[in-house]
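Okay, structure first, notes after.
Keep in mind it's a predicted model, so treat the numbers as computed, not measured. The figures that follow rest on heavy atoms only: side chains count, while hydrogens, waters and symmetry mates do not. Atoms within each ligand, like the ligands themselves, are counted from 1 in listed order.
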Amino acid sequence: MLIGSIEAGGTKFVCAVGNEDYRVLDKTSFPTTDPESTLNKVIDYFNQFDLEAIGVASFGPIELRKNSEKYGYITNTPKPGWQDVDFVGILRDHFNVPITWTTDVNGSAYGEYVMSTLANEKTKSLVYYTIGTGVGAGAVVNGDFIGSLGHPEMGHVLVKRHPDDLNFEGICPFHHDCLEGLVAGPTFEARIGKKGADVDINDPVWNIMAWYIAQAAMQTTLTLRPDKIVFGGGVINDTLMDKVRSQFSDMMNGYIDIPNLEQYLTRPLIKDNGSANLGNFALAYQELKA
Ligand code: ADP
Ligand code: ZN
């Protein structure tokens with residue numbers, strides 16, 4: 001059985017073909033350009049296979065209420081050209097198979113949830129954050145996503161400012177200094193004029209990043225009490241995660257019982273950014289079986 005997966009990112013699309021064991025059999029990626037050429041590439045790629053279902057995890061905001069006439073659309077995204085695009089409708093015109101539709105971070109959250117179960121972790125609830133070009137999070141509780149009016153937008157929560165960061169305006173076009181405005185990848189250029197990948201790991205900016213990410217972890221812990229919080233995205237590295245755990249522990253100040261921090265605040269179980277793909281395979285396979 002062949003299942004297709006699309007991880008639609010604002011920067012690039014990753015398409016993969018997998019099987020019912022969620023194993024990747026083939027994979028390709030290409031830059032996200034205009035909707036027509038990008039989706040045509042997806043269609044050409046998938047036309048090579050005899051797919052039985054397709055899972056899509058997309059950048060957003062997206063419409064995921066099944067009773068909306070805009071179900072399957074990317075809605076009011078700031079990404080030029082991509083407002084009001086009928087993503088699922090275009091796929092349906094070419095592929096007569098079940099198609100699942102969720103956000104990129106929901107897809108990743110689901111992949112990590114499935115993998116945790118396969119790894120016998122007994123994870124019942126999980127939140128997945130991406131700290132990349134943007135910031136967002138998805139939450140899975142007992143196999144279901146949280147969010148019925150729309151998907152969560154945890155990337156845009158407000159955080160307390162770091163005392164050494166008061167002069168930085170933040171880069172979120174909507175809120176300036178929300179979480180995304182303070183820790184998304186492009187904040188490195190905005191704060192210190194260097195790309196994230198070129199910033200020395202001893203640079204104090206990492207303490208500022210950790211302070212905000214730890215607050216996100218604290219709010220999420222206090223609000224949802226998930227079994228674990230997974231951090232993915234290009235900005236995350238092991239040293240940053242150690243700083244986040246330590247700041248989190250200081251902020252929480254022993255208020256509630258937290259599992260072992262290495263396991264509680266963690267990087268993805270699925271390597272090579274494969275979480276969303278695996279989540280898509282699992283969601284599409286379940287839709288097919290339903
Ligand atoms: P996307 O969010 O577009 O799917 P990524 O998760 O790879 O992609 O995140 C890309 C962002 O991460 C960019 O803003 C990039 O500058 C930043 N980034 C990439 N590598 C690093 C690194 N080693 N350290 C910090 N930031 C990085
Ligand atoms: Zn914002």
Would you call the rings of Phe95 and Phe46 parallel, tilted or perpendicular, where under 30° means parallel and over 60° means perpendicular?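 Perpendicular: the ring planes of Phe95 and Phe46 meet at over 60°.
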Taking the six-membered ring for Trp and the single ring otherwise, decide whether the centroids of Tyr128 and Phe231 are under 6.0 Å apart.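 No, they do not, as the ring centres are separated by 6.0 Å or more.
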To the nearest 10 degrees, could you say what angle the Zn ion (ligand 2) makes with SG of Cys178 and SG of Cys172?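 That angle works out to 110° after rounding to 10°.
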So which of the N, O or S atoms of His175 lies nearest the Zn ion (ligand 2)?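 The Zn ion (ligand 2) is closest to the His175 atom ND1, counting only N, O or S.
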From Leu222 CG over to Met251 CE, what is the distance, rounded to the nearest 0.5 angstrom?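 Leu222 CG to Met251 CE: 11.5 Å, rounded to 0.5 Å.
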Please test Glu287 against Lys289 for salt bridge (Lys or Arg N to Asp or Glu O under 4.0 Å), starting from the C-alpha separation and ending with a verdict. CA-CA 5 Å; Glu287 179 88 0; Lys289 297 276 127 188; over 6 Å; no
Run through Asp86, Thr75, Asp84 and flag the one making a side chain to side chain donor-acceptor pair (under 3.5 Å) with Lys70.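 Only match with Lys70 under side chain to side chain donor-acceptor pair (under 3.5 Å): Asp84.
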Contact residues of ligand 1, where a non-hydrogen atom lies under 4.0 Å away: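 These residues qualify: Thr11, Gly132, Thr133, Gly185, Pro186, Phe188, Gly196, Ala197, Trp206, Gly233, Gly234, Val235.
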Any donor-acceptor N or O pair under 3.5 Å, side chains Tyr73, Ser68: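 Ser68 and Tyr73 do not have a side-chain donor-acceptor pair below 3.5 Å.
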Can you tell me if Asn167 has over 12 outside heavy atoms packed within less than 6.0 Å of its CG?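 No, CG of Asn167 has 12 or fewer neighbouring heavy atoms, counting only those of other groups under 6.0 Å.
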Between the Zn ion (ligand 2) and His156, is there an N, O or S atom separated by less than 2.8 Å?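 Yes - counting backbone and side chain alike, His156 has an N, O or S atom under 2.8 Å.
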